[in-house]
Amino acid sequence: MKRAAASILGSLVKLLLLLLPLSANAAVYKVGDSAGWTTIGNVDYKKWAATKTFSLSDVIVFQYNPQFHNVMQVNHAAYKECNASSPIATHTTGNDTITVTRHGHYFFLCGVPGHCQAGQKVDIHVPRTTTSSLAPSPSFSVASSPANPVASAVSPGPSSAAPTVTPLDPLKGLLSITAAAFLAFLFSSGQCLM
């Protein structure tokens, strides 16, 4: 049984190593950097997002105390009004990860009364690029290491132009999600023999 498990693990590791170059351009961004997702410390999430260049396959991580905060993805109108009544998605773990799968704006806010009004909201903008997504970029960067990565698709905000997508863009996002899920499975199931 151990020999079969080791053989399967070896095959899966080889597959993962083949897939990693396609997702090597992905970055992981912890919202608010060291402060995280909070109302304490006057974090300027607009300024934080403006200093980042988001791309397809990037992972956005929200770390916060779930007793006091949550993360709601909303549409543009709800974002502007701090209206949490009809979210697109709600996250409540305190360590939420969202993989970017499309170009456009992704609007998030804290649904706890008063928090959005106090500035706990962020607009993640993933611009369309005219260059090929296969062009080399800086190495894979990790700003955070979530213990239990969970990827979910996000919906873009309003847009007037059609996205520029290369044939490999959807595949790269899927491979990043698959690699993260596979590693999480190995480590959580105790099957990792390394």
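Considering only heavy atoms from C-beta on, V74 comes within 4.5 Å of L109 through its side chain. For the pair V31 and K52, the minimum side-chain heavy-atom distance is 4.5 Å or more. When side chains are defined from C-beta on, K121 counts as touching C82, because their heavy atoms get closer than 4.5 Å. Annotation: side chain of Q120 is in contact with side chain of Y45 (closest heavy-atom distance under 4.5 Å). Residues I98 and F62 have side chains in contact (heavy-atom distance under 4.5 Å, counting atoms from C-beta outward). At a threshold of 4.5 Å between non-hydrogen side-chain atoms, the residues V122 and I124 count as touching.
Between P66 and G94, the shortest heavy-atom distance links the atoms CD-CA, 4.0 Å. When all heavy atoms of D58 and S55 are compared, the closest pair comes out as OD2-N, 2.7 Å. For the residue pair H69 and V112, the shortest heavy atom distance occurs at CA-CG2, 4.0 Å. When all heavy atoms of P127 and F54 are compared, the closest pair comes out as CD-O, 3.4 Å.
Separating the OG1 atom in T53 from the NE2 atom in H125 is a distance of 11.0 Å, to the nearest 0.5 Å. Between T38 atom OG1 and Q63 atom CD the span is 12.5 Å, to the nearest 0.5 Å. Here K30 contributes atom NZ and W48 contributes atom CH2; the two are 11.0 Å apart, rounded to the nearest 0.5 Å. Of the inter-residue distances, the one linking D96 atom CG with H91 atom NE2 reads 6.0 Å to the nearest 0.5 angstrom.
Each of V59, I60, V100 was evaluated against Y29; a single residue qualifies, I60, per the side-chain contact (heavy atoms from CB on, under 4.5 Å) test.
Ring to ring, H76 and H105 are not that close: their centroids are 6.0 angstrom or more apart. Ring-centre distance between W37 and F108: not below the 6.0 Å cut-off.
Under 4.0 Å is where a charged nitrogen must lie from a carboxylate oxygen, and between K80 and D123 no such pair does.
The SG atoms of C116 and C110 sit 2.5 Å or more apart.
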Practice problem: Test N75 against F107 for side chain to side chain contact (heavy atoms under 4.5 Å, CB included), laying out the working first. | Solution: CA-CA 6 Å; N75 63 29; F107 302 103; 5.8 Å; no
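No hydrogens or angles considered: nothing links the side chains of Y64 and N70 as a donor-acceptor pair under 3.5 Å. N95 and T93 share no side-chain donor-acceptor pair at under 3.5 Å.
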